[in-house]
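It should be emphasised that the depicted structure is a prediction, and the values quoted were computed from it without experimental measurement. Naming: A, B, ... by sequence-line order, numbering from 1 per chain.
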2 protein chains.
Amino acid sequence: MTGAVAAATSRAAREPKYYAVKRHLMALIEAQPPGQPVPTERVLTTELATSRTTVRRALADLVAEGRLVRRQGCGTFVAEPKLTWPLQLTSFTEQAAAHGFRASTRLLSARRQPATDEVAGRLQLIERAPVYRLERLRLADDRPIALETSYLSAIRFAGLLGRLRRTGSLYRVLTERYQVVPTAADETIETAPASPRQAELLDTDTGAPMLVLGRHSFDAAGDPIEWVRSWYRGDRYTFVAQLRGR
Amino acid sequence: MTGAVAAATSRAAREPKYYAVKRHLMALIEAQPPGQPVPTERVLTTELATSRTTVRRALADLVAEGRLVRRQGCGTFVAEPKLTWPLQLTSFTEQAAAHGFRASTRLLSARRQPATDEVAGRLQLIERAPVYRLERLRLADDRPIALETSYLSAIRFAGLLGRLRRTGSLYRVLTERYQVVPTAADETIETAPASPRQAELLDTDTGAPMLVLGRHSFDAAGDPIEWVRSWYRGDRYTFVAQLRGR
DNA sequence: GGTCGCTAATGGTATAGACAACTTCGGGAC
DNA sequence: GTCCCGAAGTTGTCTATACCATTAGCGACC
């Protein structure tokens, strides 16, 4: 079955009409400073002799790239450049401090529940073993940065929820009360559209492209400590990692 | 100006209608094996008493997540799970081999041109200094994986294009002919929609979400060697990095 | 038996329009 | 002068429709 490949290679590079509109807009905003308004949808519709749907598709692309910002009832504006976000540091507070931000955390929910198949596998637990599920909103200078969902074994870390409510920092509780230090981690990075809830908490739109960071951390014995998925706005952040040596 | 923040926190979690359709579809495909067809757009439109636009929006979300695959004239099907792609190895061939793929490369274009401001800055060259621009399509088992655009100084690596055409591997040419070995690199990861050209080469749709990897590599003296941007299909790949020690 | 071409069904693109939600701004009431 | 309310203009959501591009299947023809 080479049908798919043959179709792909023979497929002409047809440019959708919305992409011509997008290129028109890119030329318009190229040298414009952040905050500068672009023409309204209706103006673009008449100027470019097209439909509002087509204009909106082009605008949506540029919003997804982080080059435009739209505000309902107000207009569409050139966006601030993306911010870089360092990877490969264990603690969110460290990451924020490394770039001069004041980090804070809002605990959205913390509960004990049976593990799903995926979580049980990640934490090397038996099916439906009890786990803690923490949902936290990470902020830098009081602006929402990321939405994190963590899973930890409720057996191994019995009493974690109460201790966490008192001290606030999961990292400190793990090291000081449980003598657990992560020594290795597997990190995964992918992209996915935002759910309505995620969009609301991160002040963006449902379906907006997100960068999803997964961290699977292990202690010195090689046992899994936690499994975390962090959702960042893809239109606002670029992840940066520094690699040294071979 | 706290208006934006106030609006964000007070904004109710209103679920668009398309998201209800998306949840309906997620329930449908949850336990389905890859390749299984889902109902056609027109069937879903009548079954869910909505418009085709709304159905298509939900389907587009699931395609962006890599959970569905659509083929014009054929139908919509449950997708294969995403593939993982290792980061933090210098050579594409190494990365592919690490996961059991046979890597190959198609040189799409190679030319000498004056540097743009961004490229000149990255390579620490004066404005409009001559650089080589290489565009390569990376394949694994003859399937397109990534589209790479590299920039190198045409002064420092004079004669590179000819040597590259003879040997094929940029990495080998750099080490053997120029005695240059990358010892450090800054990597950036972001997400952006595919252009028509990128979509055609990677066998996907214009506007599809991509993972964009930037690599800025340096030699032992700290001088920049090359600046590369690699585009991967976000619906098909998850990047994986392993972190050891602190 | 093989091949060509037609047809039906699918997803892809584009249009026009209605209404909702939200912001801004100015005029009128107090 | 201050406050409130409404009008106008903006983006957000959803609908209905038309036509195009591609595919698979089938039947007629050679």
Can we say B/E190 and B/R229 salt-bridge, meaning some charged N sits less than 4.0 Å from an Asp/Glu carboxylate O?
yes

Under a 4.0 Å N-O cut-off, is there an ion pair linking B/E65 with B/K22?
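Here B/E65 pairs with B/K22 in a salt bridge, since their nearest N and O are under 4.0 Å apart.
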
Side-chain N or O of [X] closer than 4.0 Å to phosphate OP1/OP2 of [N]:
{"X": "A/R56", "N": "D/dG12", "answer": "yes"}
{"X": "A/R70", "N": "D/dG12", "answer": "yes"}
{"X": "B/T50", "N": "D/dC14", "answer": "no"}
{"X": "B/T76", "N": "C/dG11", "answer": "yes"}

Side-chain donor-acceptor pair present, B/R52, B/T45, cut-off under 3.5 Å:
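There is no such pair (donor and acceptor under 3.5 Å, judged by atom type) between the side chains of B/R52 and B/T45.
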
Donor + acceptor pair across side chains of A/R136, A/T105 (<3.5 Å):
no

Distance check needed: [N] [atom2] versus [X] [atom1], whole Å only.
{"X": "B/L25", "N": "C/dG11", "atom1": "CG", "atom2": "C1'", "value": "15 Å"}
{"X": "B/D205", "N": "C/dT13", "atom1": "CG", "atom2": "C1'", "value": "12 Å"}
{"X": "A/F77", "N": "C/dT24", "atom1": "CZ", "atom2": "C1'", "value": "11 Å"}
{"X": "B/R71", "N": "D/dG25", "atom1": "CZ", "atom2": "P", "value": "11 Å"}
{"X": "A/E41", "N": "D/dT13", "atom1": "CD", "atom2": "P", "value": "11 Å"}
{"X": "B/E15", "N": "D/dG12", "atom1": "CD", "atom2": "P", "value": "18 Å"}
{"X": "B/L44", "N": "C/dT10", "atom1": "CG", "atom2": "P", "value": "11 Å"}
{"X": "B/R52", "N": "D/dC20", "atom1": "CZ", "atom2": "C1'", "value": "11 Å"}

What does A/T54 touch in the nucleic acid at a heavy-atom separation under 4.0 angstrom: a base, only the sugar-phosphate, or nothing?
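Answer is sugar-phosphate: A/T54 comes under 4.0 Å of backbone atoms only.
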
Under 4.0 Å between any heavy atoms, over every strand shown, what does B/T40 touch: base, sugar-phosphate, or nothing? Just pick one.
sugar-phosphate

From B/E187 CD over to B/R215 CZ, what is the distance, rounded to the nearest 0.5 angstrom?
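Output value for this atom pair is 6.0 Å.
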
Counting side-chain heavy atoms from C-beta on, which of [options] comes nearest to [X]?
{"X": "A/K17", "options": "D/dT13, C/dT15, D/dT15", "answer": "C/dT15"}
{"X": "A/S51", "options": "D/dA21, C/dT13, C/dA16", "answer": "C/dA16"}
{"X": "B/Q72", "options": "D/dA21, C/dT15, D/dG12", "answer": "D/dA21"}

Is there a donor on the side chain of B/R42 or the base of C/dG11 sitting less than 3.5 Å from an acceptor on the other?
yes

More 5' along DNA chain C: B/V38 or A/Y18, using each one's nearest nucleotide?
B/V38

